[in-house]
Structures are given as C-alpha cells and as structure tokens.
Amino acid sequence: MYSYDLNTNLANIQNMLAEHVIKKDDFKELKIIAGVDVSFSQDNQAVAAAVLIDLYNLEIIETIIQEVELLFPYKSGFLGFREANAMVSVLNGLKRDYDVVMINGHGVLHPRGFGLASQVGVMIDKPTLGVAKRLIVGIHIVEGNHFPELIIFTNEILGAYLNGFYVSIGHKISLKTAIELFNDTSIFKTPEPIRQAHILATQAFKKILD
DNA sequence: GCGACAG
DNA sequence: ATCTTGTCGC
C-alpha cells in the first residue's frame with residue numbers, strides 16, 4: 001500500500017500542515033481535558049474512546065466510545081493518517097466541550113514536525129499535546145543539565161522526556177504548559193486522560209468482538 | 001545491504 | 001496496537 005510516491009506525498013502534506021501548527025499557548029482556560037485512544041488488533045475494525053476529565057480533581061465527567069474503521073495501515077512517521085480521523089470523530093461525539101486533548105503519540109517531536117497529536121489539533125483547531133513512550137527513529141536527543149531533559153531536533157527544542165514519556169506540543173499549547181499538564185494529570189505512571197481512554201477503548205473493543 | 005521504526 | 005503466564009512488590 002505504501003509506494004514511494006505515496007510516502008513522498010504524505011510527507012509533503014505533513015510538511016505543509018506543520019506550518020499551521022501553533023507552538024504557543026492559545027486558549028482561554030484549561031479546565032476540561034480530553035483523552036483519546038483507539039483500540040484494534042489485526043484488521044481495520046477498531047474502537048475509539050474519549051474521556052473528559054476535570055483538571056482540578058482528575059475525575060471523569062464524560063465518556064464516549066465509537067466503532068470506527070481505520071483506513072490506513074500503520075507506518076512509523078505516518079500514524080496521523082491512520083488514527084487522526086477516528087480520534088476527531090469520537091471527539092466530535094462528546095456532548096460537553098473541552099479545552100485541550102492529550103493524545104497517545106507525538107506532536108511536533110516528529111521528523112516533519114507533524115505527528116498525530118499535531119494533526120488532530122489542526123483538524124479540530126484546539127490545543128493538543130502528544131505523549132509517547134518511544135521516540136521515532138531519526139529524532140535526536142540532547143540531554144539538558146536540568147530537569148526535565150530537553151530534546152532537540154534541527155536546532156529547535158521540541159519536547160521533553162519525563163517519567164518515561166516523551167511529551168511534546170501538539171497544537172496551540174506551549175511545551176511548558178504541556179509539561180505542566182502532563183505532571184498535573186499523572187497520579188499513576190500514565191497520565192489519567194490517556195490511561196482512562198485506553199482502558200475504555202480496550203474494554204469496549206473486546207466487548208464488541210463478542 | 002541489514003535492521004529499526006509513535007500506535 | 002494486541003496476543004499471553006507468571007511474577008515481583010506494595
């Protein structure tokens with residue numbers, strides 16, 4: 001499915017859209033944070049889940065699950081083309097509004113500065129941040145003298161490595177705020193928004209397999 | 001050429 | 001991502 005041309009075209013699209021990413025805080029308030037995740041196994045049958053969490057007590061105030069179809073195969077560096085649509089779809093199904101979305105995957109900490117979190121952010125035009133367990137090959141790390149470690153790529157600070165996770169700007173948020181949000185929602189190893197969303201998506205996916 | 005490769 | 005059993009530890 002991935003021909004050289006398709007790869008090049010998708011990369012070009014990412015390069016162009018990356019210019020629309022806003023790497024600074026651009027919001028009124030940060031009270032309700034959304035977490036999204038997609039669960040799947042072999043085929044393209046999948047379940048997307050989203051949770052809304054109150055930033056001040058980390059309690060869930062709304063949840064939603066939705067059956068979705070993944071139209072693209074997974075390929076490192078192009079995760080957005082596989083999961084962004086599903087995430088936007090499930091987020092649009094939420095009744096309440098939210099201020100920011102935490103996403104499993106990278107934001108601007110990406111070869112072309114346009115990871116899944118940035119793609120979703122640009123699509124919904126809201127603040128997003130990316131949280132991932134591993135770096136994409138090609139990203140270089142520069143250890144800082146102070147906590148948190150700073151990560152650099154093409155001479156620009158793009159993210160931070162915190163408590164086993166790589167945190168980066170998705171859209172309309174600064175790295176500083178993204179880091180604060182990561183810390184403020186981490187009661188367990190994994191931040192609540194994505195932890196709860198993952199639990200929801202996984203349970204729903206297994207249930208729907210009946 | 002070979003292996004690695006966000007989820 | 002998911003498939004899977006046990007195991008270490010609070």
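By convention in this document, chain letters (A, B, ...) are assigned in the order of the sequence lines, proteins followed by strands, and residues within each chain are numbered from 1.
Relative to the six-membered ring of A:F165, A:K133 meets both conditions, a distance below 6.0 Å and an angle of at most 45° to the axis. Both cation-pi conditions hold for A:K126 and A:Y98: the charged atom is under 6.0 angstrom from the six-membered ring centre and inside a 45 degree cone around its axis.
Between A:T202 and C:dT2 there is a side-chain polar atom (N or O) within less than 4.0 angstrom of OP1 or OP2. Considering only side-chain N and O atoms, A:S39 lies under 4.0 angstrom from the phosphate OP1 or OP2 of C:dT2.
Within the 3.5 Å criterion, the main-chain N or O of A:F114 finds a donor-acceptor partner in the side chain of A:H110. A:S168 places no side-chain N or O within donor-acceptor distance of the main-chain N or O of A:G159, the cut-off being under 3.5 Å.
Among the heavy atoms of the strands, none lies under 4.0 Å from A:G130. Residue contacts for A:Y166: at a heavy-atom cut-off of 4.0 Å it reaches no nucleic acid atom on any strand shown.
Look at CE on A:M87: it is 8 Å from C1' on B:dG7, rounded to the nearest Å. A:H110 has its NE2 atom 8 Å from the C1' atom of B:dA6, to the nearest Å. Whole-Å rounding puts the A:R112 CZ to B:dA6 P distance at 13 Å. Note: CG (A:L79) to C1' (C:dA1) measures 10 Å, nearest angstrom. We find that NZ of A:K75 is positioned 13 Å from P of B:dC5, with the value rounded to whole Å. What separates NE2 of A:H198 from P of B:dA6 is a distance of 15 Å, to the nearest Å. In this structure, CD1 of A:I136 is placed 22 Å from P of B:dG3, rounded to the nearest angstrom. Here B:dC5 presents its C1' atom at 17 Å from NZ of A:K133, a figure rounded to the nearest Å.
Of all nucleotides listed (B:dG7, B:dA6, C:dA1), B:dG7 comes nearest to the side chain of A:R82.
A:D54 has a carboxylate O that lies under 4.0 Å from a charged side-chain N of A:K31, or vice versa, which qualifies the two as a salt bridge. Contact check on A:K172 versus A:D125 returns a salt bridge, with a Lys/Arg side-chain nitrogen under 4.0 Å from an Asp/Glu carboxylate oxygen.
Counting non-hydrogen atoms of neighbouring residues, nucleotides and ligands closer than 6.0 angstrom, the CD atom of A:E62 exceeds 12 such neighbours.
Evaluation of A:Y74 against the base of C:dA1 yields no stacking contact (centre distance < 5.5 Å, interplanar angle < 30° required).
A stem is defined here as three or more consecutive Watson-Crick or G-U pairs, each with both distances under 3.5 Å; DNA chain C has none.
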